[in-house]
Trainee: 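Encoded as structure tokens, here's the structure I'll be asking about.
Within every chain, numbering begins at 1; the chains are lettered A, B, ... in the order of the sequence lines, protein sequences first and strands thereafter.
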Protein chains: 2
Amino acid sequence: MISSIAELIADRVGTMPASERRAAHTLIASYPMIGLKTVAEFSAAAGVSSPTILRFVARLGFQNYPEFQSSLQDELAAQLQSPAIRTLNPPSPGGGTASPMLEATLDNMRETFRHLSDKQLADIAARLADRRGKTFLIGGRFTDPLARYMAAHLAIIQPEVFHLAGQESMWRDRLIDMGKRDVLVIFDIRRYQDSLLRFAEKAHQRGVQIVLFTDQWLSPIARFARHVIAGRTAVPSAWDSSAALFVVAETLIGAVTRQLEAEGAKRIREMEGLR
Amino acid sequence: MISSIAELIADRVGTMPASERRAAHTLIASYPMIGLKTVAEFSAAAGVSSPTILRFVARLGFQNYPEFQSSLQDELAAQLQSPAIRTLNPPSPGGGTASPMLEATLDNMRETFRHLSDKQLADIAARLADRRGKTFLIGGRFTDPLARYMAAHLAIIQPEVFHLAGQESMWRDRLIDMGKRDVLVIFDIRRYQDSLLRFAEKAHQRGVQIVLFTDQWLSPIARFARHVIAGRTAVPSAWDSSAALFVVAETLIGAVTRQLEAEGAKRIREMEGLR
DNA sequence: GGAGCGCTGTATCGTATGTTACGTATTTTG
DNA sequence: CAAAATACGTAACATACGATACAGCGCTCC
């Protein structure tokens, strides 16, 4: 079974004429980067002419050069999706329960944070900590608990934090209270919910700043969002995993708390007193 | 110090107009693959026009699109060369907000699962999948969202799943419906809530099987529980982290789903039909 | 409420890129 | 050793791609 272009080449390099073999070796040597560049660069690197490169990819079974490049890209993408963390983190030599589910979840988190800069998190935290506006949170069918979780914490360290619950008509009416100083945190992963999209659009029209937690395929709400957090959700299960988004949420909660240290601590003490 | 294009984007995304920000988000979401494709494909994926993409890369400081692509390729190449240096997000020497938090969370998960045997998980999953009894879920102040999350999933693959919400008196009255065939899933971490303890005790007296999600110091409910899942919760933050428990919950959801495969799938199909 | 500015998409343009035709060189085979 | 077939590069070609000019629109700021 041949699954990668590299294998394909190894399989057929024997039947190739000299120049094409040079092309093959050049490609393998810095696989697959050279293949992503132009025919001219590829040919120069291999020390052959451009037509030779084209004949080379034709022999591999591709109709044209762009098709060949697309294949390489797809391969790369697949490789990047499921990072070779397993090779890095050996499968816990010891008692390694290492359920595939856990491994996938840990990978998802690493991947999610890899695409997430400190700067971005800091920006969002600053926005959430901004006391001039209100904060609203809402989520979809499975993600609403995440919104609740975040709301439960934020509401303690600052006033004017509202989780939008209940029927659609309920929170739709809350739009009236939202303005451009306010922030709306939305959780929306596949299958994206129309009701949330409609709500986001209306909020966006009112100038509300939207912070979107979504999956790597991006909810359509992304187009209205000021900040987008794309978490990895794929796990070996019938369901998608929201764990990565959960951790991002916790991270943000922590960051906001730190920013509001002074006021927040005072608030918390007051609250304790009220018990 | 900015060393990757992803960071560069994160740094400047705040100063970008809406459409360019969409481009940025689209690129980050499937970083960096889209950037290696043509301007037309990129623009289509982002839902903006080609000039916007070009303005976007120009704003990042590139003279033209090919130069931008070359940079992405170089980055990719470096990354592929030494997979160990996959730390695209350097440990942010200064105000490292994300990393310590993430590291601690990942550690927590590993530790949590290390103390959790497959057998134990399987037992709990079997109990939850047992169709002869009802399933009730409840949580504390911060953990109730976890109960909701779990309930949202379980309720889809089997009937008789109830999340206990609202005021204490509300769910206390539900005790009347609970018997020895039923399961009560409780989430309770520090600071443990008296109301939950009282509720757990009464349920226990009625012969209800209790599955407890708690922290490593064990909620007092543990003495009434049939199964105890002790998750690590410590993170460098003002709050405890429920992420490890969340992942255990997801794992259990997956396990139960697998056990109910046949019936569950049928139920899900029926539900889809009802939409 | 009006003027100005900035953002965004449409349409057009020039060119770099992949492609092909053809002639020369090299190898293979009878 | 001759003749044919294959391999390879040069050069011309067409197209798809990135780049640019411009106009419409919405927004902000007087």
Trainee: Round to a whole Å and report the spacing from CZ of A:R21 to P of C:dT26.
Mentor: 18 Å
Trainee: Taking CD from A:Q205 and P from D:dG26, how many angstroms apart are they, rounded to a whole number?
Mentor: 12 Å
Trainee: Heavy atoms only: give me the nearest A:R59-A:R12 pair and the separation to one decimal.
Mentor: O-NH1, 2.9 Å
Trainee: Could you state the CG-C1' distance from B:N64 to D:dG18, rounded to the nearest angstrom?
Mentor: 9 Å
Trainee: Assign each of B:Q63 and A:K180 to its nearest nucleotide of DNA chain D by heavy atoms, then name whichever residue's nucleotide is nearer the 5' end.
Mentor: B:Q63
Trainee: Starting at atom CE of A:M16, determine the distance to atom C1' of C:dT27, rounded to an integer number of angstrom.
Mentor: 19 Å
Trainee: Distance check needed: C:dG18 C1' versus A:F42 CZ, whole Å only.
Mentor: 14 Å
Trainee: C:dT17 P sits how many Å from A:E41 CD, rounded?
Mentor: 7 Å
Trainee: Just one of A:V161, A:D144, A:L184, A:V211 clears the side chain to side chain contact (heavy atoms under 4.5 Å, CB included) bar with A:L137, so which one?
Mentor: A:V161
Trainee: CG of B:L54 versus P of D:dT20: gap in Å, rounded?
Mentor: 9 Å
Trainee: Judged by modelled atom types alone, do A:K180 and A:Q209 share a side-chain donor-acceptor pair under 3.5 Å?
Mentor: no
Trainee: Is the charged tip of A:R174 near the ring of A:F162: under 6.0 Å from the six-membered ring centre and within 45° of its axis?
Mentor: yes
Trainee: Just say parallel, tilted or perpendicular for the rings of B:H153 and A:F142, cut-offs at 30° and 60°.
Mentor: parallel
Trainee: Starting from the C-alpha separation in whole Å, work towards a yes-or-no answer on ring-ring contact (aromatic ring centres under 6.0 Å, His included) for A:F136 and A:W171.
Mentor: CA-CA 10 Å; A:F136 298 89; A:W171 30 269; over 10 Å; no
Trainee: Take nucleotides 7-17 of chain D nucleotide by nucleotide from the 5' end and write B, S or -, depending on whether a protein heavy atom sits under 4.0 Å from the base, only from the sugar-phosphate, or from neither.
Mentor: SBBB------S
Trainee: Expressed as a whole number of angstroms, how long is the span from B:F62:CZ to D:dA19:P?
Mentor: 13 Å
